[in-house]
Amino acid sequence: MWGEEVRERFTAPELNLARHYLVKQLKGTKAVAQMLRISQRTVERYVKDQIKKPRPDLATRLEREVKKQWQPQIRAKAREKAATTGGIVVDTRARMGYTAPIGSTDQDRIRHLTVALPPRYAARLFEAQEAGASDRELQEIAAEALKEVYFQDGGCRAGSLEEVRFTDVEHLEFEL
């Protein structure tokens, strides 16, 4: 019998897909058998549906390995979509203010913002992250994006805004 935790995560059809997925990713049943610490013949029997339900410990290892193989691909696809069509959502709580012409009344203050950023900023953030950018550099890109999207509303207001200050970051999270 499957353990409750495994049954909740993987249905039988999904488990079957997982077995085939691993065999395809690792290019054969031998590599899957070594990874799961079972015999090659057992893997072949699972793939052919001669065995339908793995032992709970094997089901747990299978799930872990599928996630390890699959998640990087899923993340890459999500990032690609965000950088080309979908954009990214930034959720932050930080001290923000801006530099504007004399007479501006907005002082730096703690703000909690959740803002959808366009794909070009998602692309810049991902590229900077992959290039090893520091947290400060990523915050600067986020500040530029918030300037355009939040403070200037895509060019509809605050056109003379010069710079957005983004400091004392308490929380900064990006969601695809």
Side-chain angles (χ1 to χ4, degrees), residues 2-11 13-15 17-18 21-22 24-26 35-36 56 59-101 103-176:
W2 286 25
E4 282 299 318
E5 68 283 351
V6 175
R7 190 177 305 125
E8 288 175 12
R9 290 186 240 157
F10 264 143
T11 64
E14 289 170 333
L15 188 60
L17 287 173
Y21 173 79
L22 285 176
K24 183 177 177 183
Q25 283 298 110
L26 299 177
M35 179 183 58
L36 295 174
T60 300
R61 287 196 311 268
L62 179 60
E63 180 181 7
R64 182 181 59 242
E65 293 302 328
V66 167
K67 284 182 179 178
K68 191 172 13 173
Q69 296 282 328
W70 197 342
Q71 286 304 314
Q73 293 177 16
I74 298 301
R75 278 191 215 105
K77 286 180 183 177
R79 284 181 173 210
E80 178 65 24
K81 181 180 178 188
T84 56
T85 60
I88 192 169
V89 174
V90 62
D91 181 76
T92 188
R93 181 169 165 78
R95 182 170 301 283
M96 286 179 252
Y98 51 80
T99 304
S104 170
T105 59
D106 198 25
Q107 298 295 313
D108 289 9
R109 63 180 178 183
I110 296 288
R111 300 173 194 246
H112 180 205
L113 302 176
T114 302
V115 180
L117 303 180
R120 69 180 172 281
Y121 285 109
R124 285 185 56 199
L125 285 163
F126 294 143
E127 288 167 7
Q129 185 181 37
E130 288 172 12
S134 68
D135 285 347
R136 185 72 213 143
E137 291 168 312
L138 295 172
Q139 288 175 10
E140 288 171 8
I141 296 169
E144 185 181 328
L146 290 170
K147 172 186 171 187
E148 179 186 323
V149 177
Y150 177 75
F151 288 103
Q152 293 181 318
D153 194 17
C156 295
R157 61 185 163 99
S160 59
L161 191 65
E162 297 169 12
E163 172 190 40
V164 169
R165 288 180 301 282
F166 188 56
T167 59
D168 302 332
V169 177
E170 295 175 12
H171 168 78
L172 178 60
E173 186 174 303
F174 298 98
E175 299 173 22
L176 300 175

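- Here the side chains of Thr114 and Val89 are in contact, with some heavy-atom distance below 4.5 Å.
- Here the CE-CG distance, from Met96 to Asp168, works out to 11.0 Å after rounding to the nearest 0.5 Å.
- Contact between Gly86 and Pro119 at its shortest, heavy atoms only, is N-CG, 4.1 Å.
- Taking 4.5 Å as the limit, some side-chain heavy atom of Phe166 sits within range of a side-chain heavy atom of Leu172.
- Minimum interatomic distance between Gly97 and Asp108 (heavy atoms only, all atoms of both residues): CA-OD1, 3.1 Å.
- Taking each heavy atom of Ile141 and Ala128 in turn, the nearest pair found is CD1-CB, 3.6 Å.
- Annotation: side chain of Gln139 is in contact with side chain of Arg136 (closest heavy-atom distance under 4.5 Å).
- Side-chain atoms of His112 and Asp91, non-hydrogen and from C-beta on, do get closer than 4.5 Å to each other.
- Shortest non-hydrogen contact noted between Val149 and Pro118 is CG2-CD, 3.6 Å.
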Fill in: Intermediate values then yes/no, side chain to side chain contact (heavy atoms under 4.5 Å, CB included), Leu36 and Leu62
CA-CA 7 Å; Leu36 295 174; Leu62 179 60; 4.1 Å; yes
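- Summarising the geometry, atom CD belonging to Gln129 is positioned 9.5 Å from atom CG belonging to Asp135; distances are rounded to the nearest 0.5 Å.
- Atoms CZ and CD, from Arg79 and Glu127 in turn, are 11.0 Å apart once rounded to the nearest 0.5 Å.
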Worksheet entry | Stepwise side chain to side chain contact (heavy atoms under 4.5 Å, CB included) test for Ile88 and Phe126 | CA-CA 10 Å; Ile88 192 169; Phe126 294 143; 4.0 Å; yes
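- Separating the CZ atom in Arg109 from the CZ atom in Arg95 is a distance of 11.0 Å, to the nearest 0.5 Å.
- Residues Ala122 and Ala82 share a closest heavy-atom pair of CB-O, 3.5 Å.
- Under 4.0 Å is where a charged nitrogen must lie from a carboxylate oxygen, and between Glu65 and Lys68 at least one such pair does.
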